Amino acid sequence: MSSAEALLAAAREAAEQAHCPYSNFHVGAAVRCTDGTVVTGCNVENASYGLTICAERVALFNCVTQGLQPLELAVSCVDAQEDAPLASRMPCGACRQVMQELLPNDAIVHIDGIGERRIEQLLPDGFSLA
Ligand code: THU
């Protein structure tokens, strides 16, 4: 199994933990860090819908919490239907902004059922104070 496939497998497994009683849309993310550690996250919804947080941000914030440097990310929307628009597998805009901040500029994002994208492709001309 390639390292990309292993990271996608970790993302799919993380999706099983999703707390998504409102959308029933399970999402998992896995981040490989500079020391080789893989940190995962899943989406966590709330009855106050706007408080929901996406899998990608949970995974990236977990890296920060653990003092780890994110290098590469994989995301899997395991409930995306075969005939659904491919966009239903793509990371949302808020997650792209957080990826830009916490992943290296040339980081690869592996999107299950889509392929590889670089941060610049996902968020051209993103907001930054740096
Ligand atoms: N979701 C993610 O976890 N990541 C994304 O990039 C897009 C959407 C979650 C949020 C919500 O729990 C569910 O998918 C449906 O929007």
Side-chain angles (χ1 to χ4, degrees):
M1 193 189 287
S2 70
S3 68
E5 266 307 316
L7 207 57
L8 279 165
R12 290 181 201 121
E13 192 178 335
E16 291 171 21
Q17 302 302 325
H19 174 73
C20 54
Y22 307 105
S23 72
N24 205 28
F25 195 73
H26 293 68
V27 186
V31 179
R32 189 165 59 83
C33 299
T34 50
D35 71 347
T37 305
V38 171
V39 176
T40 60
C42 59
N43 52 328
V44 182
E45 298 184 347
N46 191 274
S48 179
Y49 300 152
L51 300 183
T52 292
I53 182 164
C54 297
E56 298 94 315
R57 277 176 287 153
V58 170
L60 286 164
F61 294 163
N62 278 340
C63 295
V64 173
T65 304
Q66 295 180 42
L68 299 171
Q69 175 62 57
L71 202 57
E72 187 180 8
L73 182 146
V75 59
S76 177
C77 300
V78 294
D79 298 317
Q81 300 291 316
E82 292 277 323
D83 56 352
L86 289 178
S88 65
R89 299 170 183 271
M90 296 296 288
C92 81
C95 290
R96 295 178 196 208
Q97 178 68 29
V98 171
M99 287 178 200
Q100 174 194 252
E101 178 101 14
L102 298 178
L103 284 163
N105 281 338
D106 60 351
I108 293 175
V109 179
H110 306 273
I111 305 165
D112 208 3
I114 299 279
E116 293 180 358
R117 296 286 188 278
R118 296 199 178 268
I119 302 293
E120 298 106 336
Q121 290 176 289
L122 291 173
L123 190 68
D125 290 327
F127 173 71
S128 176
L129 293 174

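All values reported here derive from a predicted model rather than from experimental measurement. The figures here come from the full heavy-atom set of this structure, side chains too, leaving out hydrogens, waters and symmetry mates. If you read the sequence from its start, that first residue is 1, and numbering goes on from there. Order of listing sets the numbers, starting from 1, for every ligand and every atom in it.
Among all non-hydrogen protein atoms, the one lying nearest atom 9 (C) of ligand 1 is N43 ND2, 3.7 Å. For atom 8 (C) of ligand 1, the nearest protein heavy atom (residue, atom name, distance) is C54 SG, 3.9 Å. From the protein, the heavy atom lying nearest to atom 10 (C) of ligand 1 is T52 CG2, 3.9 Å. Protein heavy atom nearest atom 3 (O) of ligand 1, with residue, atom name and distance: A55 N, 3.0 Å. The protein heavy-atom contact nearest to atom 4 (N) of ligand 1 is E56 OE1, 2.8 Å.
Panel note: side chain N43, backbone F25; a donor-acceptor pair is recorded below 3.5 Å.
The atoms of ligand 1 that sit less than 4.0 Å from any heavy atom of F25 are 14 (O). Ligand-side atoms of ligand 1 in range of E45: 11 (C), 12 (O), 13 (C), range being under 4.0 angstrom from any heavy atom. Interface atoms of ligand 1 facing S23, defined by a heavy-atom separation under 4.0 Å, are 13 (C), 15 (C).
In this model, a donor atom of one side chain and an acceptor atom of the other lie less than 3.5 Å apart for E72 and H110. Between the side chains of D35 and T37, a donor-acceptor pair is found at a separation under 3.5 Å. Between the side chains of S23 and E45, a donor-acceptor pair is found at a separation under 3.5 Å.
In this structure, P91 is part of the shell of residues with a heavy atom less than 4.0 angstrom from ligand 1.
The shortest non-hydrogen separation linking R89 to I111 is O-CG2, 3.2 Å.
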